[in-house]
Amino acid sequence: MGPTVLYTASVFGAVAVYLLLRPGPVPIKVVGTLLGLGAGAWILKESAVVLSADEAGGAGTFFVLFSLIAIASAVRMITHHRPLYSALYFVMVVLSSAGLFLLLEAEFMAFALVIVYAGAILVTYLFVLMLAQQTPETDDQSGQPEYDRVPREPAAAVVVGFVLFALLGDMFFSPEGIADLPAPPSEQQARVAAWQQLDALPDRLASAVRREIGRSTDIEIVADRFGSAVRIEEGDAYVLVRTAESTEPQTVWLPDDAMPQNIEQVGLALIAKFPVSLELAGVILLMAMFGAVVLAQRQIELSEQEKRAAAAGDGHRRGGGISDAPPAAGTGGGGR
Amino acid sequence: MASADIFSVLAGNLTLALQDSAPIPIAETAVGMGWAGWILWLPAISTVMCGLCAALRVKNKLPAWITVGLLGTSFLMTLALWLRYDHPVVIHLLDWIVLGGDRWTFIANFSLYVDSLTLLWMLFVTGLGTLIALYASEYMEADVRGGYARFFAGISVFLFAMTALVMADNLLMLYLGWEGVGFASYWLIGYYYRKPSAVAAAKKAFIVNRIGDLGLALAIYLIWHTFGTVEYRALFEALDSGSYTAEAGGWSIKAIPYLLMLGAFGKSAQIPLYVWLPDAMEGPTPVSALIHAATMVTAGVFLVARMYPVFLLEPASLTVVAWIGGLTALLAATIAMAQHDIKRIFAYSTISQLGYMFMGLGMLSSVGAAYHVFTHAFFKAVLFLTAGVVMHGFAGQVDLRKVSGLRHLPGFRITSFTMLYACACLAGVPLITNGFWSKDAIMAQAFISTGPGFRALGVIAIITAFLTAYYAFRVWFRVCAGPVHFEPGEEQHDDNHAAQHGEFRPHAPRLAVNLVLIVITIGAVGSIFLKGWAGERIEDSTAAYLSPHAQGVGFWGDPHAWMPWVASAVGLLGIAVAGYFHLVNRKAADGLKNAMLANPATRWLPTAMENKWYVDELYHLMFRGPLWLGGHILNLFDRYIIDMAIVDGVARIPRLLGRGFQPLSNGILQSYAVSMAGGVALLAILVFLMPQLVDWLSHWMGGAG
Amino acid sequence: MVDKLWFLIPEMWLFVGVVVISVMGLCKARGLRNAVPLVVIGFLAVAFIITPLLYTDDRLAKVADGLLIPMLGRYVKMVVCAIGIVLTMLSVGLIDRPLEQAVATGRARFDPIRVSRGEYFVFFLLSLIGVMLVCNANDLIWLFLALELTSLPTYVMVAISRPSRRAQEAAVKYFFLGAMAAAIFLYGLALLYGSTGTIVLTEMRDAFAEQAATGGLNRLALVGMVLALLGVSYKIVAVPMHFYAADVYEGAASAVTAFLAFVPKTAGMLAIILLLMTVGWSGHLGPGVEGLPQPILITLWMICVLTMTLGNIGAMLQRSAKRLLAYSSIAHSGYMLIGVIAGPALGINAVLLYLLAYGVMNTAAFAVLAALERKGEEIESLDDLAGLRHRHPALAIVMAITALSLVGFPPLLGFLGKLYLFMAGVEAGHVALVVIALINSAISAWYYLRLLGLPMLAMPTPTSETIVSRPVVWPRVAALVTAIGVVGLPLFAGRLLSASEAVIQTDEVPPMVDQFDALMVDQPPEDQSVP
Amino acid sequence: MILASIEPINGLTLSHYMLTSALLLVIGLIGFLTRRNMIVMFLCTELMLLAAAIAMIAFGRYHLDVSGQVFVIFILTIAAAEAALALALVVLLYRHKATLSAEAWSELREP
């Protein structure tokens, strides 16, 4: 299987998106949808993914489900003529992406995505959209302003987009996966790396050890000469514990569930590896707040009329020389 | 005899004899000569002081006296340097750019390279600079309340840059001066910035010069790349070592002379880059005299002379120099014959004489060329200065048909006779004029050196000498001889009350102007006796090259023997023809021209000559046009090809079938976004997808077929 | 980590400044509000002074293997602070002018909710902090965040720079297209992460070296690098991401335009250098790997040539001074890319030097525009400069000198920068590129001459007669300072070069600092003991 | 599907995630180029950022490395900051022209 499938499917996909983008009658939309689905199905079939339910605990099925929902919602998002619906479709994309994150065992990011994106950012969008756009009387397209109904140069955009897709797909799309990718660490290496992080979490280590040896009295975990308490042997970890009873250190093998969980690893990396970036993100958010305040507070423009009035000296409404530019005259309160 | 072998020689291989190449004298580092730096710094100080005068709005002649004083001092120091000179030296002044490490270096300091070539140039640059500044102090006095200080600041900048150019000890400093004189020229040509033509001329000069500068810049780079240095001393040492030859050096050694040539031709107004010089006459006349006749335009000659050893590595380049010079000399002389504007005639004559100089350099007569530079500086300065007197005296009148009989007018006597002598020099009147001797040296060499078509060039030079004599005396007979008659020009001086009453009285020149004219003329006379001296100067320098001697025997075997006779004959013949048409029977000239115009077969000749062979128009067509067109085409390309054809065009294919075109407007955010994304996609196709696509297509086609 | 924090002290100090001025801007006392720019200058000056003190040998030794170019910060931070000081001068009196006038004349009461001068300078400083952080970046997150910190404030600065719809239009174009470019950049980073499995730059370098040793970089890395370069091209206004430049530069106030032409461009250049540093130029990946990988080289080469050429051609057609300078800014990015292609050490040093040179020249040009106005509106058209000499001779001379320097006229600053850059290109064997650049440089004389000729040679027109200088003196001071820099800095060529050469050295080209020891007689020897 | 069962995903699985991510990026780009509503345009850039986030997470999972996930946290931060500024700007523009069309703002252009 050469790139034939990919290129042809790209062309089909491009035509499909184009048909869906441009305003037109329903049958054309149906054709577009079918084309798009066909292209997707062909790629799925040709890429020989095994969609068996038992692969990785059903991950295959879930992957297809989530990614199809994400892609379909994304297409719908850019093709829907009502911005509000676009935003809601974006929520769908975010939710299904969160599903993909779960499949990728990034639980923390999955929930953070839902909370931050779907919960916070999108709500802001919806808020502004509702603020800035009037509710159409009818549900069909005629109620929408022209700029929402008619896309701009869809064919050019589609061509550009799918050329890029061909490039990226060409790279990702081959029977054996992405070519020349460095081999991932083996399971054992991964376990070692995870265990090593436990050193940075002494309380968690101690409680795991206590649970393991079944006592809550004082224990002392003996560190090795490098100062690390967790000793690892072939992917499994143990600690040497000195308890009140025996002076001789006792070996305690740690159970798998003592291994740092995803959220702990993320948190640890965030604090230990990227502290400056964390601060930087804080500064950026502060800056964004400043910016939003300044932009929202400025009622910048003096109309010609007002300039003359200000020059004549009688033009100061509240605040004097600067005044609210009236929302473009005669729209009947363009805020609704 | 020459015409017989033109073709055979042109077709044959170049057989320049290089047997006599003398070793280049290597400079020593001078100790305790730091004072020579003031030759360079004094003009700079003068610039600053004139600038201060401009800022303080000084309304008297102070800037002129500052300039004359400081430049005069500079000249005296040059003189002192010359008197103490015994061997080439490098005088270190300041560190400027020092780069590099063990592997390579790039060193360009503010240092002076003083050899006799430098001194020869510096003597007339500073000397004439001082005198012309003195002349200008009177000539420009109408502007005392205007741009007087600005003018002298410009003159000082020019002299600073020219000094840097000539005295530099490395090519980068030379480049600094090179750009500097170009800039000063731009400044001074555009001095009358109220005249749109002056501004246009200034711009033209700058841009044409930049084309040449590009060549120089590339040449400097290549020299550095090839020889590992831009310092003359190290460069000449490397050349002397003999390890660089055209065969061994590869393409860069071959390319360097041609690039240098491009730079030299730009600055010295040779084909094809001469078009800026006639227009440069829009500047004040002292500027024309100083910059566009005596000094700056010889920078190209200086460059070739300075880099002569490099040219000698690739002798074919010298042949090109000679031919371009010869053709330029002829072309400019024919144009000069048909002009009516005195300054323009002299401008074309400058181009023509510069052509002689290049011819001399190209034909291995570096002594002749340098001597001609030296003599030309004097008589051309006089010619321009007298033209300036005419302009000044007759309210900007420069048309030689409208001024006549100057020598009979009171106060213009000195002007007339100095002009007569200068015209005689230009025409090459035998024995008593310096031009005769210098031109003769070049023309004779044409028949000695063996190179492709050098004999033909010699004939061209002789023809040009005839034309030169004709147009030089055409000017003099028209303007100075004949009955007294004049029409004033359109520039009314504010103080000329007579003009307001309909009565025009010419302004006779006063003390400073007359003094300057006389001094320079005396200098011209004196330079007759300096041929041997100039020759020694050259043979001691980097342009040292022992010209081939005549191989033949007897009178006809030695061109140096018979050439004076031939040159005298054509010169006097030209003067006689000019005398007939422009003094004895002035109607005949017009009659001849009208007759030629009336005859359809010959009509093209006077018309084409008067229109300068349509070169400007050609240039407009060739350069300005395409540049302008290119800009617009690329704009259109940006707007229509990128936006419309590539991006939108793809979008249009379906729409062309349906709705036709939709007007494309710009300034729209998403139009930019599409262009950007389109650029990304194009790059992606080019870099990553193209190989894949080709593979895929060939595979697919192969599979299908 | 604590060792690295030492080098962040200038940024932290400036962040203190951010806090101080954000409060000062809201003060009721007019004097305090007006003192905001001075305070900014003070903070920048202190940062300028403390930066070289922080980069000591022992501290550098501790972090040396954690950073790609440990010494980058010292040079860049000093340059950014110095240019930042001049840019601050340009911005004096720019924001809140009508309001302040109204307050001064008693027509309005002061209302802290309405002023934004403090905020403007907050954005200003934050953006500078962003650039300074870029050069300390040791992972992709840091790089990305620092770039965003550089550019996000500029979006707001454009919008509030002047009370005109044009400024807001410029802001929205700049912002939206910038967001698109940032997304492309980010996707490129994701691919780079995928191809190496790490986001730490030094580890990426090692991973790439390993890949290169076993059959070349993988495709993911190449595509990712190209996408990242294209994304960051937006910040350096390079083709094909240059389309916004003319509009945005025209719409923003001149002071902000000067800022845009220097600060994000510097950040972008540094980011490109850091990213390419992971892949390496000739000899960086050890024997067997020559030069930049082919696709990256082709991409950069094309970007470079197109950027120079389109920039110059575009500038030839402009009637607006600001648009002209915008296109000229594009062209200069193209020149700088030659140095990037040439690679360490010479090319990178040349780029760093050129950034300084361009910063000074560019600020000088915009300072002239910012110092002039007509009826409270900035001048934009070239025709407004006609005959400037008659009314504002000093500004006209500054403009003329700047134009000459931008052409690359010896011995001005621009010439020095170009010389070094082109030499670096040639040394690396990219002669064709340098020739194209030289031709471009010759073409550029065509339009720079208008910047020179109009103020100095043309006659004032009735419209240009109505131009007055801004009531505040600081933009003129900035023009003067930068003009002195354009003329005077080349005199210290040796010292500048040694400063930029100290940034990055390889074993290939011996350190050139030694050369200067003998020459800088007046310099105490310990000044040069830069590693 | 909890992390305790750390085992590498194979390259094939990764390639499917990456295809999804690339498609989302491209759809976001297309939307940005075609939709004229400024708010929807910015939503599309958010979609592009999301695509990058998916790529980061997938690569992180493949390399069993958490820095991909950490990167995503910062992507979210930037997305939020950009959204705040963009929406403020859009509101500001909306006040002037009472339209969300990007094409309403084309005063600055080549003459």
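Because only heavy atoms are used, hydrogens play no part in the values below, and waters and symmetry mates are left out as well, while side chains stay in. Chain A is the first sequence line, chain B the second, and so forth, proteins listed ahead of strands; every chain is numbered from 1. Everything quoted here is computed from the prediction, not taken from an experiment.
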Tell me every residue that passes salt bridge (Lys or Arg N to Asp or Glu O under 4.0 Å) with A/E264, counting only those two or more places apart in sequence or in another chain.
A/R204
For the candidates D/L50, D/T20, D/I78, D/V40, which exhibits the highest count of non-hydrogen atom pairs separated by less than 4.5 Å from chain A?
D/L50
If every non-hydrogen atom of D/R35 is compared with every non-hydrogen atom of A/H80, which pair is closest and at what distance?
NH1-O, 2.6 Å
Listed partners of D/D65 passing salt bridge (Lys or Arg N to Asp or Glu O under 4.0 Å), at least two apart:
none
Contact part of A/I71 toward chain D, heavy-atom cut-off under 4.5 Å: side chain, backbone, both or neither?
both
Flag the one option from A/L167, A/V94, A/I121 with the top tally of heavy-atom pairs under 4.5 Å to chain D.
A/I121
Just wondering, do D/L25 and A/F165 contact through their side chains at under 4.5 Å, heavy atoms?
no
D/V91 versus chain A, heavy atoms under 4.5 Å apart: side chain, backbone, both or neither?
side chain
For chain A, find which of D/V90, D/N37, D/L29 contributes the most heavy-atom pairs closer than 4.5 angstrom.
D/N37
Over 60° means perpendicular and under 30° means parallel, so classify the ring planes of A/F90 and A/Y117, tilted if in between.
perpendicular
Could you look at D/T99 and say if it's the side chain, the backbone, both or neither that has a heavy atom under 4.5 Å from chain A?
both
So do A/E107 and A/Q261 actually touch side chain to side chain, heavy atoms under 4.5 Å?
no
For D/L24, is it the side chain, the backbone, both, or neither that has a heavy atom closer than 4.5 Å to a heavy atom of chain A?
side chain
Could you check which of A/A112, A/A87, A/S277, A/A193 has the highest count of heavy-atom pairs closer than 4.5 Å to chain D?
A/S277
At a 4.5 Å cut-off on heavy atoms, which part of A/L100 comes close to chain D: side chain, backbone, both, or neither?
both
Go through A/L164, A/V128, A/V17, A/L168 and name the one with the most non-hydrogen pairs under 4.5 angstrom from chain D.
A/V128
Heavy atoms, side chains only, cut-off 4.5 Å: are D/F42 and D/E82 in contact?
yes
Using non-hydrogen atoms and a 4.5 Å limit, figure out which bit of A/M77 sits close to chain D: side chain, backbone, both or neither.
both
Using non-hydrogen atoms only, which part of A/V116 is less than 4.5 Å away from chain D: side chain, backbone, both, or neither?
side chain
Stepwise, does the side-chain contact (heavy atoms from CB on, under 4.5 Å) test hold for A/L84 with A/M130?
CA-CA 8 Å; A/L84 212 55; A/M130 291 195 226; 3.9 Å; yes
For residues D/Y17 and A/L103, determine if any side-chain heavy atom of one lies less than 4.5 Å from a side-chain heavy atom of the other.
yes
Interchain contact, A/L113 with chain D, by part (heavy-atom threshold 4.5 Å)
both
Interface check, chain D: of A/S86, A/G267, A/A70, A/G282, most non-hydrogen pairs under 4.5 Å belong to A/S86
Which portion of A/F162 sits near chain D, non-hydrogen atoms under 4.5 angstrom
both
Per-residue contact mode, A/T79 against chain D (heavy atom under 4.5 angstrom)
backbone
How far does CD of D/Q69 sit from CD1 of A/I263, to the nearest 0.5 angstrom?
10.0 Å
Chain D shares the most heavy-atom pairs under 4.5 Å, among A/G13, A/S97, A/G40, with A/S97
Any side-chain heavy atom of A/M109 within less than 4.5 Å of one from D/I73?
yes
